[in-house]
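Down below is the structure, laid out as structure tokens.
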Amino acid sequence: MVSIKSLHGSAQLVLDVTGGVTDIVEKMHRTIAREVNPLNRLRDIAGKTPEVRRGYTYQIIQSTTSLLKQGLHRSLDGLSTQEERSLSPQSVKVTAALNGVCGDHLEASNNPLAISMHFRNSQGETLQPGSANVSDMIQNASPRIVVLVHGLCLSHEYWKGHNEGNLGTELQSAHGFTPLYLNYNTGRHISSNGKELSEQLQRLIETWPVEVEELTLIGHSMGGLVIRSACWYGNELDLRWTKRLKNALYLGSPHHGAVLAKAGHLLTFVMGQFRYASPFALGRHTSAGIKDLRHGNLLDDDWKGIDQDGFHPDSRKPVPLREGTRHYFIAAAIGKHMSDFPSTMLGDLLVRLDSAKGQHSDDLKKLSIRPEDCRVFEKLNHLDLLDNKVVHDQILGWLA
């Protein structure tokens with residue numbers, strides 16, 4: 001059954017897409033009108049060019065779309081805020097994918113589909129740090145907490161994998177951790193999610209039913225970058241949760257950028273150099289989170305004041321690993337050996353080995369990793385890291 005919230009958000013997104021497509025077509029028509037007949041530039045001044053009439057047409061389309069949005073909000077806002085049944089796992093995954101692609105737009109447009117950052121317990125129930133129901137929702141709370149942070153376009157559901165158990169429950173059974181699963185909008189800037197995670201971890205520590213002795217964070221893909229960003233901002237404010245952070249694990253995290261993000265940016269940049277192709281450079285409309293993955297931005301300073309669609313060098317501020325915390329790195333390679341051409345060039349298909357291992361030609365950006373705290377698993381791809389027994393066994397061994 002489709003929820004009112006999903007219906008509301010989907011309808012609003014369709015109207016937003018309609019407006020975006022209208023903008024693209026209008027820009028294309030303007031380019032053609034000016035380039036086919038240079039005299040049109042003179043007619044523009046006199047206000048007699050056909051382009052002006054086309055402009056009125058596009059204004060009508062955009063005005064109609066705006067009126068439909070207003071009517072949609074008035075008719076469904078009240079219903080969307082009512083308590084609804086839990087979404088199915090498939091609906092959660094679809095919503096997570098939408099947030100990864102255009103989550104910053106969903107948030108800016110107050111779309112009900114925009115995911116608000118929150119924790120979930122092992123039963124999938126939403127847990128809000130600072131609320132009165134924390135003790136009720138966490139039975140037999142342990143002084144050891146592990147928080148699992150998913151990657152781009154994913155959700156807490158992906159930690160379940162194809163097996164009955166998952167990494168969180170395995171850590172609970174083997175080492176007494178209480179597992180929590182973070183759910184968040186991966187289309188936002190990594191630094192925005194990092195700052196919010198830092199704040200939520202602080203509230204979690206303050207309201208946990210027992211005194212927290214140990215905190216462990218595990219991030220897959222983008223989730224590892226969100227963890228590093230949270231550590232930076234937590235240290236800047238000297239928050240108490242950072243003193244409890246004993247371990248941080250990064251599974252296939254693109255510490256220095258992801259292959260597809262770099263390739264997509266290059267294609268968008270090249271298309272932007274040609275008049276007729278420029279309106280179709282759709283990479284400009286991808287989320288801030290995806291654009292951050294080009295280099296692996298962690299801080300506001302890495303993207304503020306910078307044209308992220310332009311071609312610019314890696315100007316990130318170096319962010320060293322937090323001292324006092326043990327950092328573990330896991331990477332995957334699709335080849336049979338790390339030295340194979342596919343493994344060297346493609347890594348796990350999304351993240352190259354050097355990026356996942358924190359290696360960089362600039363010593364300031366290179367992450368200092370102890371050899372015993374880094375493992376590369378062959379014949380695995382990016383998503384295999386979420387639900388692979390060998391990977392889980394390695395993590396269980398490290399955290400024993």
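Quick caveat: nothing in here was measured; it's all calculated off a predicted structure.
- The side-chain contact (heavy atoms from CB on, under 4.5 Å) test applied to K243 returns D238, R322, not counting sequence neighbours.
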Steps toward side chain to side chain contact (heavy atoms under 4.5 Å, CB included) verdict (T216, V147): CA-CA 6 Å; T216 292; V147 178; over 6 Å; no
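- The distance from atom CD1 of I190 to atom CD1 of I227, rounded to the nearest 0.5 Å, is 12.0 Å.
- In this structure E199 satisfies the salt bridge (Lys or Arg N to Asp or Glu O under 4.0 Å) test with no other residue, sequence neighbours excluded.
- In the hydrophobic clustering, L353 connects to M338, V376, either directly or through intervening members, whenever side-chain heavy atoms lie under 4.5 Å apart.
- With contacts defined as side-chain heavy-atom distances shorter than 4.5 Å, the pair V146/L180 does not qualify.
- To the nearest 0.5 angstrom, Q123 atom CD is 8.5 Å from Q139 atom CD.
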Please report the C-alpha distance between K160 and D387 in whole Å, then the side-chain angles of each, then the deciding distance to 0.1 Å, and finally whether the salt bridge (Lys or Arg N to Asp or Glu O under 4.0 Å) criterion is met. CA-CA 7 Å; K160 294 180 180 179; D387 184 39; over 6 Å; no
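- Contact check on E206 versus R203 returns no salt bridge, with no Lys/Arg side-chain nitrogen under 4.0 Å from an Asp/Glu carboxylate oxygen.
- The closest side-chain donor-acceptor pair between N183 and H150 falls under 3.5 angstrom.
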For the pair W208 and V210, evaluate side chain to side chain contact (heavy atoms under 4.5 Å, CB included) and give the outcome as yes or no after the intermediate values. CA-CA 6 Å; W208 196 246; V210 298; 3.7 Å; yes
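- Atom NZ of K93 has more than 12 heavy atoms from other residues, nucleotides or ligands within 6.0 Å.
- Checked by atom type and distance alone, the side chain of H118 pairs as donor or acceptor with a backbone atom of S116 at under 3.5 Å.
- Residues N193 and K195 fail the side-chain proximity criterion, which asks for heavy atoms closer than 4.5 Å.
- Side chain of S109 to backbone of H105: a donor-acceptor contact under 3.5 angstrom is found.
- Note: W398 CH2 to N247 CG = 11.0 Å, rounded to the nearest 0.5 Å.
- Under the salt bridge (Lys or Arg N to Asp or Glu O under 4.0 Å) criterion, D362 pairs with K365, sequence neighbours left out.
- Among residues two or more places apart in sequence or in another chain, the side-chain contact (heavy atoms from CB on, under 4.5 Å) test is passed with N381 by I334, L349, L383, D384.
- Hydrophobic clustering of Ile, Leu, Val, Met, Phe, Trp and Tyr side chains at less than 4.5 Å, counting indirect connections, unites L152 with M117.
- N166 and Y181 are linked by a side-chain donor-acceptor pair at a separation below 3.5 angstrom, with hydrogens and angles left out of the test.
- Scanning for salt bridge (Lys or Arg N to Asp or Glu O under 4.0 Å) contacts around R375 gives an empty result, with sequence neighbours left out.
- Annotation: the span from D292 atom CG to D302 atom CG amounts to 8.0 Å, rounded to 0.5 Å.
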Verdict with reasoning, Y328 to C374, per side chain to side chain contact (heavy atoms under 4.5 Å, CB included): CA-CA 6 Å; Y328 300 95; C374 181; over 6 Å; no
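- Legend: residues meeting salt bridge (Lys or Arg N to Asp or Glu O under 4.0 Å) with D373, ordered by chain and number and at least two apart, are R326, R370.
- In this structure the side chain of C231 reaches within 4.5 angstrom of the side chain of W241, judged on heavy atoms.
- V319 is not connected to L364 by any chain of hydrophobic side-chain contacts under 4.5 Å among Ile, Leu, Val, Met, Phe, Trp and Tyr, and they are in different clusters.
- The pair R316-D301 fails the salt-bridge criterion, with no side-chain N (NZ, NE, NH1 or NH2) lying under 4.0 Å from an Asp/Glu carboxylate O.
- In this structure, S253 contributes its side chain and A356 its backbone to no donor-acceptor pair below 3.5 Å.
- L127 and I115 fall into different hydrophobic clusters, defined by Ile, Leu, Val, Met, Phe, Trp and Tyr side-chain heavy atoms under 4.5 Å apart, directly or through other members.
- Under a 4.5 Å side-chain heavy-atom cut-off, the cluster of Ile, Leu, Val, Met, Phe, Trp and Tyr residues that includes I306 has no other member.
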Before you tell me yes or no, could you show the steps for K389 and D393 under salt bridge (Lys or Arg N to Asp or Glu O under 4.0 Å), namely the whole-Å CA-CA distance, both residues' side-chain angles and the distance that decides it to 0.1 Å? CA-CA 6 Å; K389 185 180 185 306; D393 288 345; 2.8 Å; yes
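- Not counting sequence neighbours, the partners of F329 by the ring pair (Phe, Tyr, Trp, His ring centres under 6.0 Å) test are Y250, H255.
- Looking at K246 and E213, no side-chain N of the basic residue comes within less than 4.0 Å of a carboxylate O on the acidic one, giving no salt bridge.
- Side-chain atoms of D104 and S287 include no donor-acceptor pair closer than 3.5 Å.
- Clustering ILVMFWY residues whenever any of their side-chain heavy atoms sit less than 4.5 angstrom apart, transitively, puts M137 in the very cluster that holds I205.
- In this structure, Q202 contributes its side chain and L239 its backbone to no donor-acceptor pair below 3.5 Å.
- Proximity of a side-chain donor or acceptor of R244 to a complementary backbone N or O of V212 within less than 3.5 Å is detected.
- Taking CG of N388 as the reference point, atom CZ of F377 lies at 7.5 Å (rounded to 0.5 Å).
- A donor atom on one side chain and an acceptor atom on the other are not found under 3.5 Å apart for R352 and H256.
- For E236, the side-chain contact (heavy atoms from CB on, under 4.5 Å) criterion is met by W232, not counting sequence neighbours.
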Result block: side-chain N/O donor-acceptor pairs under 3.5 angstrom for residues 217-224, not counting sequence neighbours:
residue, atom, partner, partner atom, Å
H220, NE2, H382, O, 3.1
S221, OG, H382, NE2, 2.9

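- Applying the salt bridge (charged side-chain N to carboxylate O under 4.0 Å, His left out) test to every pair with at least one member in residues 142-156, sequence neighbours left out, gives these pairs: R144-E214.
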Run the side chain to side chain contact (heavy atoms under 4.5 Å, CB included) check on L171 and L167 step by step: do they pass? CA-CA 6 Å; L171 286 167; L167 181 56; 4.2 Å; yes
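- Summarising the geometry, atom CD belonging to E378 is positioned 13.0 Å from atom CG belonging to D348; distances are rounded to the nearest 0.5 Å.
- In terms of hydrophobic clustering, with Ile, Leu, Val, Met, Phe, Trp and Tyr side chains grouped at heavy-atom distances under 4.5 Å, V94 and L386 are assigned to different clusters.
- Remark: side-chain polar atoms of T325 are paired, donor with acceptor, to backbone N or O of L245 under 3.5 angstrom.
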